[in-house]
Amino acid sequence: TPGYVAASGQAVVIGDMTVHPPAVPSMAATHGFRAIIVVPVKAKGELLGTLALVNRQPIEFTHEVVEMITAMGNQLGIAVANARLYETQLRENKKLTALVDISSGSAQQLELEPLLQRILERAAALLEAGAAYISHYDAPEEQAEIVAASANFTRLIGMRYPARLGLFGQIRPQRQGRIFTRQEVVEYGYSPALREADVRSALVVPLISRNELIGALSLTRHGANAVEFTPANLELMEAFASRAAVAIDNAQLLKDLGRKNNLLQLLIEEAHHRIKNNLQMISGLLQLEADTAQVGPTAEFLRTAITRIQAIAQVHNLLSEEMPEKVDIQALIATIIHTLVSSASGTNGTPEVAVEVEPLWLGADQAVPLALIVNELVSNSFLHGCPSSRQPLRVQIQCRQQDDHIQLVVADNGGGFHEGKDWREFEGQGMNIVAQLAQVNLRGDLQIHSRDGGVLAELRFEIVLHGPGPAGRNPSALATARA
């Protein structure tokens with residue numbers, strides 16, 4: 001009778017089946033029931049089933065009772081439809097939650113190994129799978145390797161096999177997901193551990209990123225009572241895998257980049273070490289020659305060359321220790337002055353040097369010539385400055401930023417030039433070097449003249465590269481060194 005109602009969509013009402021037997025034999029009659037009413041269960045015109053009420057005593061069903069039971073069938077149909085809709089919505093919510101989780105910024109920031117474990121956990125929870133594992137596809141070598149697995153499949157990790165074999169080999173040609181039965185797992189499974197794991201159903205989906213196959217995500221259900229995967233499960237996992245593949249690809253690229261950066265850092269450190277050693281060796285060789293010459297023009301030339309090499313070495317040290325493209329000018333000038341003062345010897349005692357430098361950062365292309373200019377100007381003051389009245393030699397260095405320009409001032413009380421003498425007329429190589437560095441390398445304006453019983457040199461040039469120093473560094477507004 002319910003079958004007839006389901007087929008016809010019409011209610012069947014029999015008050016006494018012994019008097020009015022149904023056209024189609026009823027199971028209710030074989031169990032001793034005499035009265036039966038069966039109504040269709042519908043929702044939005046779709047037949048969902050039937051509702052049957054039976055009694056062992058005959059009943060005279062009135063029109064009102066039939067209408068009430070028919071209304072109950074309709075209400076039951078609405079309830080069943082709502083329950084199905086709710087179940088579908090729950091599945092969609094789980095799907096969206098998993099997709100959002102894998103696509104989220106936190107997942108994208110994970111390193112490769114934690115990300116793989118997170119994908120396995122989310123995928124297994126999403127489909128209520130007993131186990132899961134991820135294979136990596138090495139296209140050039142035509143090899144597949146299991147790189148991550150849930151706890152009960154950890155012995156599979158590290159296993160490599162030809163990409164044409166195994167469950168992965170079955171989905172690789174078409175790059176489409178597939179559900180495997182127990183028999184197919186035994187037939188195609190490459191690992192004995194997989195074939196012996198009592199797998200009831202397996203689901204394998206490709207991992208594709210940037211239109212390239214990078215691996216596969218596999219899930220399994222175990223035991224005779226396990227439910228097989230469905231096409232809906234496959235569709236859900238394919239959507240999940242598309243997001244997971246992008247996250248895995250990004251994490252792999254980040255890992256490769258980090259490995260290359262580490263190698264590059266080692267090469268840079270080795271280069272810095274070699275350059276530092278070479279500069280020290282050259283300076284040491286010149287120092288030996290200077291010690292041999294002791295006095296005279298040769299010794300003076302050698303010591304001048306040594307200070308120039310040391311100035312370049314200071315720039316190199318700051319470049320290797322601080323930022324890759326910027327030099328702390330404040331620290332650079334302070335270091336150069338300290339080196340010059342520690343090796344200076346004057347007729348009136350050790351020179352007094354005042355350094356006033358704002359926090360400045362310049363690129364190496366400007367820091368090197370600036371360091372050499374400071375070295376040359378201060379060295380000339382130490383070598384040729386002769387203060388009157390046996391006063392100590394005083395040298396003042398100022399370096400500050402004015403808009404988009406740098407202004408360097410070096411002044412001393414060493415007596416200045418002879419009257420009518422211009423600094424460009426000096427035959428020494430030092431002033432030629434200063435002029436070349438200022439005009440060619442820095443493209444700046446250099447002025448040197450006598451003033452207030454000494455020499456004042458002023459350099460002004462435009463900044464090419466500048467900006468704040470490294471985070472956490474807050475150089476003081478004024479650096480002062482006195483000796």
Side-chain angles (χ1 to χ4, degrees), residues 87-88 90-91 94-95 97-99 101-102 112-138 142-208 213-245 247-248:
E87 184 180 21
T88 302
L90 284 180
R91 288 198 300 268
K94 288 177 63 177
K95 171 183 175 181
T97 300
L99 294 179
D101 179 65
I102 293 301
L112 182 59
E113 286 73 17
L115 175 64
L116 295 178
Q117 289 301 320
R118 186 169 183 169
I119 290 173
L120 290 175
E121 293 170 3
R122 297 295 187 273
L126 192 60
L127 294 191
E128 299 179 352
Y133 61 92
I134 295 175
S135 305
H136 169 69
Y137 176 47
D138 185 351
E142 282 295 321
Q143 291 279 311
E145 179 183 0
I146 297 178
V147 293
S150 53
N152 43 354
F153 271 169
T154 52
R155 54 182 172 167
L156 297 177
I157 297 176
M159 184 183 71
R160 288 179 63 88
Y161 55 94
R164 68 181 186 280
L165 302 179
L167 302 183
F168 178 78
Q170 298 300 307
I171 70 162
R172 183 177 67 92
Q174 287 77 32
R175 304 201 306 183
Q176 293 180 348
R178 177 176 167 181
I179 298 172
F180 295 87
T181 64
R182 183 200 301 268
Q183 293 75 18
E184 289 173 330
V185 171
V186 173
E187 179 181 356
Y188 298 122
Y190 183 80
S191 170
L194 183 63
R195 296 196 299 270
E196 298 166 3
D198 192 22
V199 175
R200 165 91 176 177
S201 181
L203 185 150
V204 184
V205 290
L207 296 170
I208 300 174
L213 179 65
I214 63 172
L217 172 60
S218 304
L219 296 99
T220 56
R221 288 175 177 168
H222 304 254
N225 297 325
V227 179
E228 293 186 354
F229 290 110
T230 66
N233 295 149
L234 179 60
E235 181 182 358
L236 172 59
M237 197 47 52
E238 285 180 332
F240 178 87
S242 66
R243 303 292 183 90
I248 292 173

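Fair warning: this is a prediction, and the values are worked out from it, not measured in the lab.
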> Looking only at heavy atoms, which two atoms of I214 and A245 are closest? And how far apart?
Replying inline: CD1-O, 3.6 Å

> Looking only at heavy atoms, which two atoms of A244 and L207 are closest? And how far apart?
Replying inline: CB-CD2, 4.5 Å

> Does the side chain of Y137 come within less than 4.5 Å of Q143's, by heavy atoms?
Replying inline: no

> Out of V186, I171, L203, which residue meets the side-chain contact (heavy atoms from CB on, under 4.5 Å) rule with F180?
Replying inline: I171

> Just by modelled atom types, is the L127 backbone N or O under 3.5 Å from a matching donor or acceptor in the N233 side chain?
Replying inline: no

>> Which heavy atom of L213 sits nearest to which heavy atom of R175, and what is that distance?
In response: N-NH1, 3.6 Å

> Taking the side chain as C-beta and beyond, is there a heavy-atom pair between Q170 and R178 under 4.5 Å?
Replying inline: yes

>> Let me confirm one number: the CD1-CD1 distance from I134 to I119, rounded to the nearest 0.5 Å.
In response: 5.0 Å

>> Could you go through R200 and E228, starting from their C-alpha distance and side-chain angles, then the distance that decides it, and tell me whether this counts as side chain to side chain contact (heavy atoms under 4.5 Å, CB included)?
In response: CA-CA 7 Å; R200 165 91 176 177; E228 293 186 354; 3.8 Å; yes

> Does the side chain to side chain contact (heavy atoms under 4.5 Å, CB included) test come out yes or no for R182 and V199, once each step is laid out?
Replying inline: CA-CA 6 Å; R182 183 200 301 268; V199 175; 6.0 Å; no

> Which residues satisfy the salt bridge (charged side-chain N to carboxylate O under 4.0 Å, His left out) test with E238, sequence neighbours excluded?
Replying inline: none

>> Taking the side chain as everything from C-beta on, heavy atoms only, tell me whether L234 gets closer than 4.5 Å to F229.
In response: no

> Is the Y161 ring parallel, tilted or perpendicular to the Y190 ring (thresholds 30°, 60°)?
Replying inline: parallel

> Under 4.5 Å between any side-chain heavy atoms of V204 and F168, yes or no?
Replying inline: no

> If every non-hydrogen atom of P231 is compared with every non-hydrogen atom of I179, which pair is closest and at what distance?
Replying inline: N-CD1, 3.9 Å

>> Run the salt bridge (charged side-chain N to carboxylate O under 4.0 Å, His left out) test against E113 and tell me which residues pass, sequence neighbours left out.
In response: K255

> When rounded to the nearest 0.5 angstrom, what is the spacing between CD in E196 and OG in S191?
Replying inline: 8.0 Å

> What is the distance from atom CG of L120 to atom CG of L219, rounded to the nearest 0.5 Å?
Replying inline: 8.0 Å

>> With a 3.5 Å distance limit and no angle check, can you tell me whether S150 reaches the backbone of A132 through a side-chain donor-acceptor pair?
In response: yes

>> I need the minimum non-hydrogen distance between E145 and G158, along with the two atoms involved.
In response: OE2-CA, 3.9 Å

> Any side-chain heavy-atom pair from V147 and Y133 closer than 4.5 angstrom?
Replying inline: no

> Stepwise, does the salt bridge (Lys or Arg N to Asp or Glu O under 4.0 Å) test hold for E128 with R221?
Replying inline: CA-CA 8 Å; E128 299 179 352; R221 288 175 177 168; 5.3 Å; no

> Measuring from S201:OG to E184:CD, what's the distance to the nearest 0.5 Å?
Replying inline: 9.5 Å

> So which heavy atom on L167 is nearest to which on G189, and how close?
Replying inline: CD2-N, 4.2 Å

>> Taking I146's backbone N and O only, do any of them form a donor-acceptor pair with H136's side chain (distance below 3.5 Å, no angle check)?
In response: no

>> Do R122 and Q117 have side chains that approach each other closer than 4.5 Å (heavy atoms only, starting at C-beta)?
In response: no

>> Rounded at 0.5 Å granularity, tell me how far CE in M237 sits from OG in S218.
In response: 11.0 Å

>> Can you confirm whether more than 12 heavy atoms, excluding those of R155, are under 6.0 Å from its CZ atom?
In response: no

> Are E187 and R195 within salt-bridge range, i.e. N to O under 4.0 Å?
Replying inline: no

>> Walk me through whether R164 and R172 qualify under side chain to side chain contact (heavy atoms under 4.5 Å, CB included).
In response: CA-CA 7 Å; R164 68 181 186 280; R172 183 177 67 92; 3.9 Å; yes

